[in-house]
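Below: one structure, written as structure tokens.
Chain A is the first sequence line, chain B the second, and so forth, proteins listed ahead of strands; every chain is numbered from 1. Note: hydrogens, waters and symmetry copies are ignored here, and every other heavy atom, side chains too, is used.
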Amino acid sequence: MNETAQHPEKDTLSKAYEFAEVERRWYARWLDDKTFSARMDKDKPAFSIVIPPPNVTGVLHIGHALNNTLQDLLVRYHRMKGDNTLWVPGTDHAGIATQNVVERQLASENLSRHDLGREKFIERVWAWREEKGGTIINQLKRMGASCDWERERFTMDEGLSRAVREVFVRLYREGLIYKGDYIVNWCPRCHTALADDEVEHEPTDGKLYHIRYPYADGSGFVVVATTRPETMLGDTAVAVHPDDERYQHLKDIGISLPLTDRTIPVVFDHHVQREFGTGALKVTPAHDRDDYEIGLRHDLPRLKVIDDKGVMNEAAGVYAGLDRFACRKKVVEDLQALGMLDRIEDYQHAVGKCYRCFEVIEPTTSKQWFVSVRPLADKAVAAVQEGRIKIYPNTWYRTFYAWMDNIRDWCISRQIWWGHRIPAWTCQGCQQLVVEVDPPQVCPFCGSASLHQEDDVLDTWFSSALWPFSTLGWPEKTRELATFYPTSVLITSFDILFFWVARMMMMGLHVMDEVPFHDVYLHALVRDKFGKKMSKSTGNVIDPLVMIQQYGTDAFRFTLTAFAAQGREIRMDEERIDGYRRFINKLWNAARFAQMHLSEADPGITALAAEPASLALPHRWILSRLNATINDVRAALDGYNFNEVASANYQFVWHEFCDWYLEWVKADLFSDDPAARDQARAVLLTVLEQVLKLMHPIIPFVTEEIWSRLPGERGSIMVESFPETRSAWEDPAAETVMNLLMGVISGLRTIRTEAEVHPSAKIDVLLLCPDADKRALLGEHAAALQAMVRAGSLAIEADGTVPDDAGHALMQDVELVVPLKGLIDVVGELEKLAREQGKLDKDLARILAKLGNDQFMANAPAAVVAKERDKEAEVRVRLGKTLESVERLNKLR
RNA sequence: GGGCGAAUAGCUCAGCUGGGAGAGCAUCGGCCUUACAAGCCGAGGGUCACAGGUUCGAUCCCUGUUUCGCCCACCA
């Protein structure tokens with residue numbers, strides 16, 4: 001019976017790694033086996049991450065891909081370490097974005113949300129969510145994300161909605177939420193306030209109108225400039241800079257506002273830029289954000305002259321009823337008629353437009369709900385200052401503090417329908433405001449049953465600010481909360497540090513009285529290889545799903561990991577993905593090679609590697625290098641140096657394990673000596689097992705697939721323990737010896753190549769070395785040396801003469817001599833030697849200058865001085881040998 | 001205007017507390033050597049943006065300059 005029949009899964013590995021089938025098969029298996037499910041063992045440390053919830057309308061982009069790869073990397077690492085590991089997935093209801101999607105759908109049916117009414121509309125959004133909301137979740141699965149999917153949450157879930165209401169009511173009762181007038185970005189067409197990031201600023205050609213504002217006493221006038229003359233009807237002051245000498249005389253003078261019968265004051269405010277225009281600024285607190293601030297500082301009245309539809313109201317006097325742009329025209333004409341229009345100039349400026357309908361935004365005051373963030377922000381700042389929350393990379397601390405210092409109250413109300421409706425009711429009887437977690441049946445003040453709930457919903461960020469504890473079941477006192485809160489680390493993109501991260505800190509510290517996470521890792525934005533932002537219009541978008549299809553998920557994940565260096569923007573280059581695909585393939589083939597030499601019969605063979613002292617040199621060497629790699633990888637993971645995780649693995653697997661170790665032990669594997677064979681097989685399997693585990697967090701699929709095909713009874717690699725360093729493996733002596741041998745081999749190969757010796761031709765090698773110990777060592781490994789350089793003969797001597805027509809090189813104190821009758825490129829060699837000599841001369845001069853410098857000798861550490869002395873000796877020897885070679889070659893000319 | 005970051009091989013990037021710089025890709029040369037041509041072996045290639053300073057010693061620390069990128073504010 002052949003092995004294939006016995007182990008149907010363990011048939012010979014195909015020559016190239018077929019990722020598509022492997023990925024599909026293993027992900028399904030992981031789900032079936034519930035390997036992603038969190039455990040809550042009492043005696044284990046906890047590691048938890050809550051996913052930055054993507055918008056439910058979202059489609060996986062490369063930022064998500066990076067973000068989730070890094071999270072999965074850490075989650076898989078900690079799971080293998082045996083921690084109670086939880087990664088909570090979920091999506092965000094994304095108020096405006098989602099409402100938009102459904103409104104567009106309605107529009108195609110010639111319906112508006114008003115046609116449906118609030119209740120029906122919301123039903124429709126939920127229906128949309130049921131049907132289409134899972135897109136991004138499925139895409140995350142294709143990335144290999146090992147989230148605990150049974151705990152998937154949605155910010156509009158019943159439980160999370162309750163958390164939102166609880167927090168709202170609590171903050172309201174503490175006086176930290178209030179309702180007040182504020183200036184907002186108002187879209188007169190959509191009839192809602194917009195968040196700042198929902199306003200698109202577009203450079204627009206406009207006019208700058210210079211208007212004369214006469215003094216009330218008739219003694220003169222001041223000229224102010226504006227792009228929106230209609231707003232002058234709502235002016236309640238003129239502002240100048242306090243230090244502006246031109247306007248000191250205006251201190252006690254009133255301004256007679258043209259087109260109205262009002263007299264307004266002049267105020268002095270640092271905000272005014274003296275250089276702009278005339279240095280005098282008209283102040284319209286009800287229709288301009290800055291003016292609003294100035295108004296607050298000087299206690300100015302707010303006179304609203306434009307209504308919610310963009311039409312002038314009765315406060316605009318004779319202009320009432322005019323559309324704001326019609327009014328602008330009329331105001332300009334009237335001013336002109338009065339001789340008050342100084343001049344008009346063309347002016348390009350940024351006009352804020354609604355990102356949905358492109359209507360020009362009208363800043364206006366309206367009743368909105370706010371969070372008083374100062375006391376909350378102070379807690380967050382304190383937590384960061386005290387190191388209870390650490391931020392990686394640390395360059396963000398300054399930015400964080402600066403932003404928190406200047407933080408303004410947070411407007412949390414939105415005039416849309418999709419979201420958490422504000423849990424506040426106005427009693428139609430007594431007009432009192434009732435704020436409750438659950439809808440009140442009657443007014444607690446007057447007993448009236450007629451209560452009207454606020455129409456506004458909460459800013460989406462309000463619910464996401466609660467995400468770290470609302471997803472764990474708060475306000476219930478759950479086991480999850482006790483086990484996993486605070487979460488371990490938050491991994492997110494830096495652009496939502498303030499929108500989201502800071503607010504989670506504030507809410508977590510205030511509501512839970514505990515940080516929401518211990519660490520914050522902020523990764524960069526992924527750009528194209530030229531550093532440009534990826535955008536559909538530029539056409540430089542790299543679609544993760546296409547990359548997965550083309551190169552495989554593992555290669556893509558490895559690339560993202562390799563690019564994730566701290567504190568730098570990421571320039572994604574598709575060629576790199578292809579490079580890492582080759583790496584995956586390399587690993588695959590190394591495993592194939594191993595499999596050829598391993599059998600089902602002896603899975604316990606790896607025990608040999610546990611006692612490395614008795615093993616031959618290459619085995620001790622690779623185990624020592626493995627040990628160093630384990631150490632490096634763990635340190636890099638613990639310090640969030642993801643790129644180093646990737647490079648340490650890459651370097652070890654390809655260049656040490658494959659290039660040197662596998663080549664070196666081929667002789668042993670094919671040897672007749674069973675002891676040599678067993679050693680090689682034991683270490684080969686050991687190292688392979690370790691690197692698979694080491695890399696599983698980055699490249700879960702290929703490692704799992706190879707793992708399953710290795711000999712012995714094997715469960716999922718996901719539940720194997722992550723590699724740990726072992727002092728028995730550490731072997732600096734073996735590394736030193738191997739470094740010498742590898743140097744000798746490389747040197748001999750170079751000689752071969754430069755003399756254009758055909759790779760299959762054998763050479764004769766003479767090694768000259770004065771050191772008897774080294775000669776012994778070289779002799780010990782003569783067979784390997786001969787095999788690695790294809791030498792027909794190998795002689796090792798203490799001293800000897802170098803034939804004139806020999807290739808020659810020096811490795812430490814070993815002279816490499818390869819007689820090559822007539823094959824030496826004399827001229828080329830001489831040129832090379834001349835370059836070499838020049839370099840050595842320079843080096844020697846520099847070293848001698850250093851050693852001759854009293855200051856250096858007095859101040860430099862002894863180790864550095866000793867190193868320079870060693871260098872001097874080495875350079876002198878090499879120089880001597882170089883000159884000998886030149887002499888030799890000159891005879892051949 | 002304020003802040004942050006970057007500048008290292010042709011390209012994309014490492015280089016973590018100062019002791020004469022590395023990788024991958026690309027280039028050039030040679031190889032189908034019993035895991036892998038998606039591979040192997042070798043080679044070439046850098047005044048570490050510029051100018052000062054600190055230091056025995058600077059890619060690294062400090063100051064300034066230039067170029068590029070980002071963030072915040074503002075553009076009445």
Side-chain angles (χ1 to χ4, degrees), chain A residues 13 15-17 201 203 208-209 224-228 231 239 271-273 276-278 280-284 288-291 347-350 393 395-396 398-399 402-403 406 494-495 497-498 524-525 527 529-533 562-563 565-573 575-576 578-597 635-636 639 641 643-644 647 650-651 654-655 658-659 662-663 666 670 746 749-754 756-760 787 789-790 832 842-843 846-847 850 853-861 863-865 867-868 871:
Chain A
L13 274 65
K15 199 167 172 181
Y17 173 54
H201 291 273
L208 189 60
Y209 303 89
V224 299
T226 180
T227 53
R228 296 187 300 150
T231 62
H271 168 78
V272 179
Q273 313 242 325
F276 191 93
T278 59
L281 167 69
K282 63 188 275 303
V283 182
T284 323
D288 184 279
R289 180 163 291 226
D290 290 314
D291 294 3
Y347 189 69
Q348 200 194 52
H349 61 133
T395 48
W396 287 101
R398 284 180 75 141
T399 316
W403 192 78
N406 298 319
F494 68 81
D495 53 343
L497 176 59
F498 307 121
L525 245 45
R527 301 166 174 282
K529 68 171 172 175
F530 305 108
K532 288 224 166 60
K533 239 177 183 167
F563 268 117
Q566 287 189 16
R568 198 169 174 134
E569 66 184 22
I570 296 173
R571 298 191 185 198
M572 177 53 62
D573 182 356
E575 281 182 26
R576 286 281 293 270
D578 192 51
Y580 290 121
R581 179 185 55 92
R582 291 164 199 237
F583 174 66
I584 306 285
N585 195 57
K586 184 78 179 174
L587 175 68
W588 179 257
N589 276 291
R592 274 182 71 209
F593 175 74
Q595 201 195 33
M596 290 173 187
H597 295 279
N641 292 308
N643 59 317
E644 290 179 19
S647 66
Y650 186 97
Q651 176 65 26
W654 199 316
H655 299 302
C658 291
D659 286 354
L662 292 186
E663 294 303 325
K666 270 179 183 171
F670 287 104
S746 292
R749 283 172 174 170
T750 304
I751 291 171
R752 286 187 66 116
T753 305
E754 289 187 347
E756 292 181 12
V757 176
H758 193 274
S760 59
V789 300
R790 298 204 158 225
K832 200 179 140 195
K842 239 172 91 181
D843 282 355
R846 197 183 54 236
I847 292 164
K850 254 190 187 181
N853 181 335
D854 294 340
Q855 300 276 21
F856 174 76
M857 299 304 283
N859 293 315
V864 174
V865 176
K867 203 171 149 195
E868 290 299 320
K871 266 195 231 165

Interatomic distance at P, B/U65 relative to B/G2, whole Å: 12 Å

Might you list the N or O atoms of the protein lying below 3.5 Å from N or O atoms in nucleotides 37-39 of chain B, with each pair's distance?
from: B/A37; atom 1: OP1; to: A/Lys15; atom 2: NZ; distance (Å): 3.2
from: B/A38; atom 1: O2'; to: A/Asn585; atom 2: ND2; distance (Å): 3.1
from: B/A38; atom 1: N3; to: A/Arg581; atom 2: NH1; distance (Å): 3.0
from: B/G39; atom 1: OP2; to: A/Arg582; atom 2: NH1; distance (Å): 3.2
from: B/G39; atom 1: O3'; to: A/Lys586; atom 2: NZ; distance (Å): 3.0

Touch class at under 4.0 angstrom, heavy-atom based, for A/Arg576 against every strand present: base

Sugar-phosphate only, base, or nothing, as touched by A/Arg752 at under 4.0 Å among non-hydrogen atoms: nothing

Approximate separation, where rounding is to 0.5 Å, of A/Leu662 CG and A/Asn589 CG: 11.0 Å

Short side-chain N/O contact to B/C41 OP1/OP2 from A/Ser746, under 4.0 Å: no

Nucleotide of B/G30, B/G19, B/A35 approaching A/Pro759 most closely (side-chain heavy atoms): B/G30

Interatomic distance, A/Ile751 CD1 vs B/A43 P [rounded to whole Å]: 11 Å

From NZ (A/Lys282) to OG1 (A/Thr231), nearest 0.5 Å: 2.5 Å

Any A/Thr750 side-chain N or O less than 4.0 Å from OP1/OP2 of B/A43: yes

Aromatic ring pairing A/Tyr580/A/Tyr650, orientation class (parallel under 30°, perpendicular over 60°, tilted between): perpendicular

Sugar-phosphate only, base, or nothing, as touched by A/Asp843 at under 4.0 Å among non-hydrogen atoms: nothing

Selected nucleotide, minimal atom distance to A/Arg749 side chain, candidates B/A35, B/G24, B/C41: B/C41

Distance below 4.0 Å between A/His655 side-chain N/O and B/A23 OP1 or OP2: no

B/C28 versus B/G5 - spacing of their C1' atoms, nearest Å: 37 Å

Closest nucleotide among B/C25, B/G20, B/C56 to the A/Lys871 side chain: B/G20

Canonical and wobble pairing (Watson-Crick, G-U, under 3.5 Å) of RNA chain B, dot-bracket with |: (((((((..((((.....[..)))).(((((.......))))).....(((((..]....))))))))))))....

Closest nucleotide among B/U34, B/C70, B/C56 to the A/Phe494 side chain: B/C70

A/Lys666 side-chain N/O to B/U33 phosphate OP1/OP2 under 4.0 Å: no

N/O donor-acceptor pair, side chain A/Glu663 with base B/A35, under 3.5 angstrom: yes

Separation of the C1' atoms in B/C31 and B/G45, to the nearest angstrom: 23 Å

C1' atoms of B/A23 and B/G19, separation to the nearest Å: 23 Å

Whether A/Trp588 and A/Tyr17 hold their rings parallel, tilted or perpendicular, with breakpoints at 30° and 60°: tilted

